There are 2 protein chains.
Amino acid sequence: MTHSTRQGRRRSPTPDELRAWRGYIETARALDARLTSRLQKESGLSTGDYTVLLALSEADGRRLRSSELADAVGWERSRLSHHLRRMEDRGLVRREECAVDYRGAWVVLTDDGAHAFRSASVPHLRAVRELFVEALDPDQLDQVAALTAALRDRLDASR
Amino acid sequence: MTHSTRQGRRRSPTPDELRAWRGYIETARALDARLTSRLQKESGLSTGDYTVLLALSEADGRRLRSSELADAVGWERSRLSHHLRRMEDRGLVRREECAVDYRGAWVVLTDDGAHAFRSASVPHLRAVRELFVEALDPDQLDQVAALTAALRDRLDASR
DNA sequence: GTCATGTCGTTGACGTGTCAATCATGCGCC
DNA sequence: GGCGCATGATTGACACGTCAACGACATGAC
């Protein structure tokens with residue numbers, strides 16, 4: 001497929017550029033929704049649950065301080081706090097007092113949480129492979145990596 | 001950048017493949033969040049509002065049936081209904097009875113809605129250009145189009 | 001010690017998204 | 001006309017995300 005000639009810097013995106021943009025963002029959203037739905041059906045977990053459980057599984061003693069966990073998954077504290085409350089209600093994690101700094105708290109992976117993560121992991125990775133990895137050829141996978149790096153650079157540069 | 005050799009079909013994604021996946025989905029989410037935040041600050045609209053207003057602006061008589069609008073923006077009816085209630089509360093759209101089919105309803109763009117859309121449009125398109133179009137070179141824009149088409153095909157095929 | 005200030009984490013309010021249930025109307029069929 | 005079913009749209013319940021405000025503790029200056 002070819003592209004329109006580029007316009008001046010002040011112009012609005014061309015129709016082709018807008019199509020690329022819409023395709024990009026809508027496909028990502030659709031993929032995300034599908035993965036979320038499969039994970040939910042197969043394991044009763046959300047992608048947020050999965051992300052948190054993965055980080056805790058890899059942590060020393062299967063526990064992290066709340067702020068460490070927030071950094072590990074790249075979430076805001078408030079978002080994490082809300083999510084942990086829901087996960088704690090379902091018995092996936094547990095909060096414990098932190099004797100070193102009484103402002104803080106440990107987030108501990110429970111046995112139920114560890115089990116849920118193990119059960120979810122294989123079908124989830126299979127879904128990632130089926131819907132993303134296998135949809136692209138090796139060159140395209142490299143292109144994705146380059147593209148996302150470029151987009152992320154621009155995003156970071158303009159923050 | 002090079003990629004690992006591909007593994008058998010049953011294997012989990014390789015670390016490189018997982019990195020590509022995470023990069024893809026997280027970059028898309030970050031971009032989406034940034035665009036949403038800019039649109040909100042500059043115009044007081046959400047991306048959902050913008051999508052709805054765009055579809056209505058282009059419609060004959062600046063009005064669409066609820067179901068036509070749902071198709072135009074690719075949303076579930078329920079989602080659209082919730083969103084329209086909030087937009088109606090803010091005076092951006094109005095619902096009218098449909099005399100042809102009393103089950104249905106017209107969704108009508110109000111003058112306030114049209115004005116909000118016009119004000120939002122230029123800064124929003126500028127943001128898309130700055131954060132997406134200009135971050136990529138022309139080849140990469142073509143690659144995005146091809147990539148998303150491949151991903152979407154796979155998504156549709158496995159539905 | 002105490003006061004100001006910063007950090008850790010939670011909470012409430014609210015916008016957003018999904019799912020299942022519901023309600024009313026249209027429509028074909030007898 | 002009346003019955004059954006499909007369709008248009010809304011609703012309620014709940015999960016999720018952001019923002020701003022807050023309470024509790026830590027820390028350094030004095």
Side-chain angles (χ1 to χ4, degrees), chain A residues 26 28-41 43-52 63-90 92-108, chain B residues 26 28-41 43-52 63-90 92-108:
Chain A
E26 280 162 18
R29 276 199 278 246
L31 243 179
D32 198 16
R34 181 72 65 83
L35 266 287
T36 298
S37 157
R38 279 186 61 157
L39 190 57
Q40 174 67 46
K41 282 196 190 90
S43 321
L45 297 179
S46 69
T47 51
D49 298 335
Y50 187 85
T51 304
V52 167
R63 70 178 52 218
L64 285 172
R65 292 290 300 274
S66 230
S67 50
E68 294 171 332
L69 183 50
D71 287 348
V73 302
W75 289 1
E76 291 186 7
R77 276 139 197 257
S78 143
R79 174 179 176 186
L80 180 62
S81 183
H82 284 304
H83 205 100
L84 289 177
R85 179 179 40 72
R86 291 188 293 262
M87 291 181 74
E88 194 169 20
D89 289 345
R90 290 187 291 145
L92 298 172
V93 300
R94 182 168 22 97
R95 280 159 160 130
E96 283 181 13
E97 232 179 32
C98 173
V100 178
D101 182 341
Y102 279 94
R103 289 171 303 185
W106 289 105
V107 182
V108 188
Chain B
E26 279 161 19
R29 274 198 280 247
L31 244 178
D32 200 14
R34 182 71 65 85
L35 266 287
T36 299
S37 156
R38 280 186 60 156
L39 190 56
Q40 173 68 46
K41 281 194 191 94
S43 321
L45 297 179
S46 69
T47 53
D49 297 336
Y50 187 86
T51 304
V52 167
R63 67 179 53 215
L64 285 172
R65 293 289 301 273
S66 231
S67 51
E68 293 171 334
L69 182 51
D71 288 347
V73 301
W75 289 1
E76 291 187 7
R77 278 141 196 272
S78 144
R79 175 179 175 186
L80 180 61
S81 185
H82 284 303
H83 205 100
L84 289 179
R85 178 177 42 70
R86 293 186 295 260
M87 291 181 74
E88 195 170 18
D89 289 346
R90 291 187 292 146
L92 298 172
V93 299
R94 182 167 22 95
R95 280 157 160 133
E96 284 180 13
E97 230 180 32
C98 173
V100 179
D101 181 341
Y102 279 94
R103 287 172 305 186
W106 289 104
V107 182
V108 187

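So that the names make sense, note that chain A is the first sequence line, chain B the second, and so on, each numbered from 1. Keep in mind that what you see is a predicted model, and the values were worked out from it rather than measured.
- Contacts between residues 68-81 of chain A and DNA chain C, defined by a heavy-atom separation below 4.0 Å, involve A:R77, A:S78, A:S81, listed by number.
- What you find for B:V107 and B:S66 is that their closest heavy atoms are CG2-OG, 4.0 Å.
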Next on the checklist: Between A:L84 and A:L69, is the side chain to side chain contact (heavy atoms under 4.5 Å, CB included) condition met? List the steps.
Outcome noted: CA-CA 11 Å; A:L84 289 177; A:L69 183 50; 4.2 Å; yes

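- Note on the helix from C:dG1-D:dC30 to C:dC30-D:dG1: terminal axis deviation equals 10°, with five pairs used at each end and the result rounded to 10°.
- Here B:S46 reaches the OP1 or OP2 of C:dT16: one of its side-chain N or O atoms lies under 4.0 Å away.
- No engagement by A:R90 is indicated, since no non-hydrogen atom pair under 4.0 Å with the nucleic acid exists.
- Rounding to whole angstrom units, CZ of residue A:R29 and C1' of C:dG17 are separated by 12 Å.
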Next on the checklist: Quick one, A:R65 with A:W106, criterion side chain to side chain contact (heavy atoms under 4.5 Å, CB included). Give me CA distance, side-chain angles, the key distance, then yes/no.
Outcome noted: CA-CA 5 Å; A:R65 292 290 300 274; A:W106 289 105; 3.9 Å; yes

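- Nearer to the 5' terminus of DNA chain D, by closest-nucleotide assignment, is the contact made by B:R65 (compared with the other of B:A33 and B:R65).
- With rounding to the nearest 0.5 Å, the separation of CD in A:Q40 from OG in A:S37 is 8.0 Å.
- For A:A105 and A:K41, each mapped to the nucleotide of DNA chain C holding its nearest heavy atom, the one lying further toward the 5' end belongs to A:A105.
- Within the structure, a side-chain polar atom (N or O) of B:R86 is placed less than 4.0 Å from OP1 or OP2 of C:dT16.
- Using a distance-only test at 3.5 Å, with no hydrogens or angles considered, a donor-acceptor pair links the side chain of A:E88 to the main chain of A:R95.
- We find that CD of A:E96 is positioned 16 Å from C1' of C:dG9, with the value rounded to whole Å.
- Within 6.0 Å of CD in B:E97 there are 12 or fewer heavy atoms belonging to other residues, nucleotides or ligands.
- To the nearest angstrom, P of D:dC14 lies 20 Å from CE of A:M87.
- Smallest separation of non-hydrogen atoms from A:R77 and A:S67: NH2-CB, 3.5 Å.
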Next on the checklist: Assess the residue pair B:S43 and B:D49 against the criterion (side chain to side chain contact (heavy atoms under 4.5 Å, CB included)); give the C-alpha distance rounded to whole Å, side-chain angles, the decisive distance to 0.1 Å, and a yes or no.
Outcome noted: CA-CA 11 Å; B:S43 321; B:D49 297 336; over 6 Å; no

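- Residue B:L45 contributes atom CG, which lies 17 Å from atom C1' of D:dT18 at whole-angstrom precision.
- When each of B:H83, B:M87, B:H82 is checked for a side-chain contact (heavy atoms from CB on, under 4.5 Å) with B:R85, only B:H82 meets the rule.
- Contact annotation: A:R95 reaches the phosphate of C:dT10 (side-chain N/O to OP1 or OP2, under 4.0 Å).
- We find that CD of B:E97 is positioned 15 Å from C1' of D:dT10, with the value rounded to whole Å.
- Note: A:L35 CG to A:T47 OG1 = 8.0 Å, rounded to the nearest 0.5 Å.
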Kindly give the atom pairs (protein nitrogen or oxygen, nucleotide nitrogen or oxygen) under 3.5 Å for nucleotides 21-26 of chain D.
unit_1 : atom_1 : unit_2 : atom_2 : d
D:dA26 : OP1    : A:Y102 : N      : 3.2

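- The CG-P distance, from A:L92 to D:dC16, rounds to 11 Å in whole Å.
- When rounded to the nearest whole Å, the span between CG of B:D89 and P of C:dT16 equals 11 Å.
- Taking atom CD of B:Q40 as the reference point, atom P of D:dT18 lies 13 Å away to the nearest angstrom.
- Of the candidates D:dC16, C:dC19, D:dA9, C:dC19 carries the atom nearest the B:H82 side chain, counting heavy atoms from C-beta on.
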Item to check | Steps toward side chain to side chain contact (heavy atoms under 4.5 Å, CB included) verdict (A:L92, A:L45) | outcome: CA-CA 10 Å; A:L92 298 172; A:L45 297 179; 4.0 Å; yes

